[in-house]
Amino acid sequence: MRNKEIADIFSEMAQLIEIEDEPNARFKIRAYQKAALTISTLQEDVEDLYEKGGPKALMELPGIGQALAEKIVEYLKTGKIKKFEQMKKEYPVDFKNLTRVSGLGPKKAFRLYKELKVRDLEDLKNALEKHKIQGLEGFGTRSEEQFKKGLIMLEGQKGRILLGDGLPAAESIVGKLNKSGLVEEAMVAGSARRMRETVGDLDILVLSSKGEKVMDFFVKLPEVSDIVVRGPTKTTVMLRIGVTCDLRVIEPNSFGAAVQYFTGSKDHNVQVRTIAIGMGYKLNEYGLFDRKGKLVSARSEHDIYKKLGMEWMPPEMREARGEVKLAQQGKLPKLVELAEVKGDMHTHTVETDGANTIEEMVEEARRIGHKYIATTNHTKSLQIAKGMNEKGFERYFKKVDALNRRLDGKFRVFKGAEVDVLKDGSLDLDDKCLKSMDWVVASVHMNYNMEKDAMTKRIVKALDSGLVNVMGHPTGRELLVREQYAVDLDKVFEAAERNGVALEINANPQRMDLNDTNIMAASKYKVRFALGTDAHRTFHMRFMRYGVGTARRGWLGPDRIINTMELRKVEGLISR
DNA sequence: GCCGTTTTCGGCCCGACTGTTTTCAGTCG
């Protein structure tokens with residue numbers, strides 16, 4: 001996968017073009033930036049795409065035309081892009097890192113290079129220590145302060161964080177704002193509202209007429225480590241968890257427009273705005289306006305979309321993946337909702353590496369409102385997790401049987417395991433033991449670094465065993481930690497379809513696996529899905545919202561998800 | 001450099017905030 005390398009080069013080229021200052025440079029810059037965004041968010045491997053469809057396939061990507069396609073091909077073939085190499089020779093400056101300093105963009109960085117020979121962060125630090133910058137025209141002591149602060153912040157920055165960390169942080173701040181008595185309403189917007197699996201910053205909107213007071217309250221919250229920008233309507237702070245958080249104070253009359261605008265995604269908004277323009281309107285964060293600049297709509301998202309001839313769509317869909325067209329045709333799919341989930345199909349207990357007993361897990365599941373869970377402990381090969389052997393499961397299931405009797409049909413624990421798929425594709429328990437179970441999750445936990453073909457065969461063999469109910473976290477990735485293993489997912493989906501095996505949507509915020517685009521790809525096959533939190537302690541079962549968010553981002557409805565079914569139906573399905 | 005319900009040329013989002021300015025450029029999202 002070389003997408004990231006190419007995307008990085010294009011964004012660096014955008015910065016290099018910016019300092020050249022030719023007349024139409026700013027559009028060229030935007031073109032390079034857009035291309036970088038397209039490639040960095042692409043699910044497919046650019047190299048695969050090129051091998052299968054040639055330069056034409058590349059040119060079908062949004063923002064990639066002839067010239068950029070040629071540059072991609074050049075990079076794939078030679079590992080270099082000549083124009084980029086030339087530019088770098090001419091400007092031997094680490095713009096990529098320098099511009100990560102808040103307040104320092106390409107233009108200022110270039111001037112620091114021209115006048116002070118600042119080439120990288122180290123040089124910048126030295127120049128700051130010697131107070132060389134404040135002497136330059138257009139720079140002052142405050143610029144030095146700003147860059148110093150920017151450098152410190154950069155060191156403490158984590159970049160993107162898990163939705164599972166970001167969303168609760170944002171919600172906690174929203175809760176405090178709501179209780180402050182200063183706002184009429186506060187809400188989370190941005191990528192967290194869209195339930196993106198990782199978030200680079202947090203966006204919070206508030207409806208209030210007391211802007212200054214709200215900002216005062218906000219910057220003094222204990223979560224805040226630094227103030228980046230402070231204004232009456234927009235304030236940006238750095239949070240202790242390592243991401244920035246924007247707070248915007250909105251006028252009551254434009255709240256809907258602001259919510260729509262700041263929820264994004266950017267690409268979705270571009271499409272919606274284009275439609276507005278086509279209808280003779282103008283759409284921005286303040287509202288929808290007609291040709292004369294008269295406000296047409298702004299109070300609610302629903303109304304704005306309606307005025308544009310579209311259905312309102314859930315934030316999770318707003319990624320410019322065709323939802324705009326469907327909304328215009330009134331053909332948006334119905335998405336699964338958290339309230340429709342009736343059970344958790346992947347949980348662990350103290351018998352292996354969990355922290356709670358099955359009784360405690362059941363108690364919490366019932367509190368959540370579930371009607372059933374599957375208890376799916378690890379198997380013997382996974383020694384690090386105290387995986388159980390056949391005897392262990394036999395003993396454990398007796399306990400579960402007794403518990404089920406006590407529950408008397410009011411709740412059901414499905415007896416299962418998260419059985420390891422071994423290197424050769426065999427399963428980590430004997431057939432008799434597996435056949436005694438209601439729900440078998442097959443997962444890969446070891447030998448991640450196999451060749452794509454071997455890994456695909458390994459998984460397909462496991463699914464062909466006829467002993468598996470669901471493929472657990474099918475790509476094996478851990479967000480921000482480990483890439484997915486090499487595997488031909490189409491072949492896995494085919495095997496799942498052939499064997500009636502469901503695909504897991506692992507709701508654990510560190511996994512989210514399958515992810516949104518994989519779910520879309522898998523939906524083309526006749527397969528079912530199963531949501532599981534992979535809970536290792538009671539409160540992990542609350543992660544279900546992230547799985548549901550991911551399913552919704554994959555445009556999945558309740559009908560294809562096993563654990564939206566009533567208990568009796570699931571029992572019927574499993575006994576087959 | 002990209003793109004097409006203004007279609008192969010001529011547009012391309014734009015408002016808030018900051019610092020250094022006496023009216024604006026650079027940065028950011």
Side-chain angles (χ1 to χ4, degrees), chain A residues 10 13-15 17-38 58-72 83 95 98-112 133-147 149-150 189-191 199-205 211 215 227-237 243-251 254 257-258 261-267 269-287 289 309 325 328:
Chain A
F10 283 170
M13 286 177 88
Q15 292 179 335
I17 293 163
E18 189 154 2
I19 60 176
E20 289 189 326
D21 217 25
E22 41 178 303
N24 69 336
R26 65 198 188 100
F27 301 112
K28 212 163 162 179
I29 294 159
R30 201 173 296 160
Y32 273 86
Q33 283 168 341
K34 187 169 187 223
L37 185 75
T38 297
L58 298 176
M59 284 170 68
E60 276 173 23
L61 297 172
I64 310 285
Q66 177 114 28
L68 288 177
E70 274 167 17
K71 289 191 175 66
I72 294 171
K83 183 162 177 207
F95 285 108
L98 281 172
T99 54
R100 287 171 67 203
V101 175
S102 168
L104 188 58
K107 289 251 169 78
K108 286 184 185 171
F110 184 55
R111 286 206 43 214
L112 292 183
I133 290 172
Q134 53 178 284
L136 301 182
E137 200 188 326
F139 294 84
T141 49
R142 306 196 65 155
S143 298
E144 281 195 352
E145 289 298 309
Q146 191 187 26
F147 297 155
K149 223 161 121 181
S191 50
V199 293
D201 63 0
L202 300 172
D203 288 287
I204 295 174
L205 306 180
M215 293 311 186
I227 303 169
V228 183
V229 175
R230 163 79 196 256
T233 64
K234 180 195 161 182
T235 289
T236 303
V237 299
V243 290
T244 55
C245 179
D246 282 0
L247 181 72
R248 289 185 164 83
V249 176
I250 313 291
E251 286 271 307
S254 52
Y261 184 89
F262 290 114
T263 294
S265 66
K266 212 171 196 174
D267 289 343
N269 284 353
V270 167
Q271 292 187 2
V272 173
R273 228 174 7 243
T274 307
I275 287 167
I277 292 166
M279 295 171 77
Y281 292 136
K282 187 181 102 164
L283 179 64
N284 60 26
E285 63 263 52
Y286 297 106
F289 301 90
K325 195 156 257 174
Q328 283 182 302

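Every value quoted in this text rests on a predicted model; they were computed, and no experiment measured them. Lettering of chains follows the sequences in order, A, B, ..., and the numbering in each one begins at 1.
Closest to the side chain of A/Thr233, out of B/dT6, B/dG26, B/dA16, is B/dA16. When distances are taken from the side chain of A/Tyr286 to each of B/dA16, B/dT20, B/dG1, the shortest belongs to B/dA16. Closest contact between the side chain of A/Val229 and the listed nucleotides B/dG1, B/dT18, B/dG26 involves B/dT18. For A/Glu285, the listed nucleotide lying nearest its side chain is B/dG15; candidates were B/dC2, B/dG15, B/dG29. Listed nucleotides B/dG29, B/dT6, B/dC2 differ in distance to A/Arg248; the shortest reach to its side chain belongs to B/dG29. Nearest nucleotide to the A/Arg142 side chain, out of B/dG29, B/dG1, B/dT20: B/dT20. Counting only heavy atoms from C-beta on, A/Pro106 has its side chain closest to B/dT27 among B/dG29, B/dG15, B/dT27. Side-chain atoms of A/Tyr261 lie closest to B/dG29 of the nucleotides B/dG29, B/dC17, B/dG26. Checking B/dG26, B/dG15, B/dG1 against every side-chain atom of A/Lys28, the shortest atom distance belongs to B/dG1.
B/dT27 and B/dT20 have their P atoms separated by 13 Å, with the value rounded to a whole Å. Separation of the P atoms belonging to B/dT6 and B/dC2 is 22 Å when rounded to the nearest angstrom. Nucleotides B/dT21 and B/dG26 have their P atoms positioned 13 Å apart, rounded to a whole Å. Rounded to the nearest Å, the gap between the C1' atom of B/dG15 and that of B/dC9 is 29 Å. Atom name P, nucleotides B/dC12 and B/dT8: the rounded distance is 16 Å, in whole Å.
The distance between atom CZ of A/Arg26 and atom P of B/dC12, rounded to the nearest whole Å, is 9 Å. Distance CD (A/Glu60) to C1' (B/dC3): 14 Å, rounded to an integer number of Å. Rounding to whole angstrom units, CZ of residue A/Arg230 and P of B/dT27 are separated by 24 Å. Here B/dG19 presents its P atom at 17 Å from CZ of A/Arg111, a figure rounded to the nearest Å. Put simply, NZ on A/Lys282 is 7 Å from P on B/dC14, counting in whole angstrom units. In this structure, A/Ile64 atom CD1 and B/dG1 atom P are separated by 12 Å, rounded to whole Å. Here the P atom of nucleotide B/dG29 and the CG atom of A/Leu37 are 14 Å apart, to the nearest Å. Atoms CD (A/Gln66) and P (B/dT8) sit 18 Å apart, rounded to a whole Å.
In this structure, A/Thr141 reaches the sugar-phosphate backbone alone: every heavy-atom distance under 4.0 Å involves primed, P, OP1 or OP2 atoms, never a base. Using a 4.0 Å heavy-atom criterion, one finds that A/Ser102 contacts the sugar-phosphate atoms exclusively. Here A/Gly278 lies out of heavy-atom contact (under 4.0 Å) with every strand. Among the protein residues, A/Glu137 comes within range of no part of the nucleic acid, since none of its heavy atoms lies under 4.0 Å from any strand. If you check every strand for non-hydrogen atoms under 4.0 Å, A/Val249 touches nothing. When heavy atoms are screened at a 4.0 angstrom cut-off, A/Ile29 is found touching no nucleic acid atom at all.
With both pairing distances under 3.5 Å, B/dG1 is matched to B/dC12 as a Watson-Crick or G-U wobble pair.
Using the six-membered ring where Trp is involved, A/Phe95 and A/Phe110 have ring planes that are tilted, between 30° and 60° apart.
At distances below 3.5 Å, at least one donor-acceptor pair connects side-chain atoms of A/Asn269 with backbone N or O atoms of A/Tyr261. Between the side chain of A/Lys149 and the main chain of A/Ile227, a donor-acceptor pair closer than 3.5 Å is present.
Proximity of A/Tyr32 to the phosphate of B/dC12: no side-chain N or O atom is located under 4.0 Å from OP1 or OP2. In terms of phosphate contacts, A/Lys71 brings no side-chain nitrogen or oxygen within less than 4.0 Å of OP1 or OP2 of B/dC2. Residue A/Lys34 places none of its side-chain N or O atoms closer than 4.0 Å to OP1 or OP2 of B/dC12. Contact annotation: A/Lys234 does not reach the phosphate of B/dA16 (side-chain N/O to OP1 or OP2, under 4.0 Å).
The two atoms that bring A/Gln66 and A/Met59 nearest to each other are N-CE, 3.7 Å, heavy atoms only.
Tested against A/Leu247, the residues A/Leu205, A/Thr236, A/Ile204, A/Asp203 include a single side chain to side chain contact (heavy atoms under 4.5 Å, CB included) partner, A/Ile204.
No more than 12 heavy atoms of other residues, nucleotides or ligands shown are found within 6.0 angstrom of CD on A/Glu251.
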Evaluate side-chain contact (heavy atoms from CB on, under 4.5 Å) for A/Ile64 paired with A/Ile72, printing each intermediate quantity in order. CA-CA 10 Å; A/Ile64 310 285; A/Ile72 294 171; 4.1 Å; yes

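Closest-nucleotide positions on DNA chain B for A/Gly103 and A/Gln146 were compared, and the one nearer the 5' end corresponds to A/Gln146. When the nearest nucleotides of DNA chain B are assigned to A/Gly105 and A/Glu144 by heavy-atom distance, the more 5′-ward of the two goes with A/Glu144.
With rounding to the nearest 0.5 angstrom, the OG atom of A/Ser254 is 8.5 Å from the CD atom of A/Glu285.
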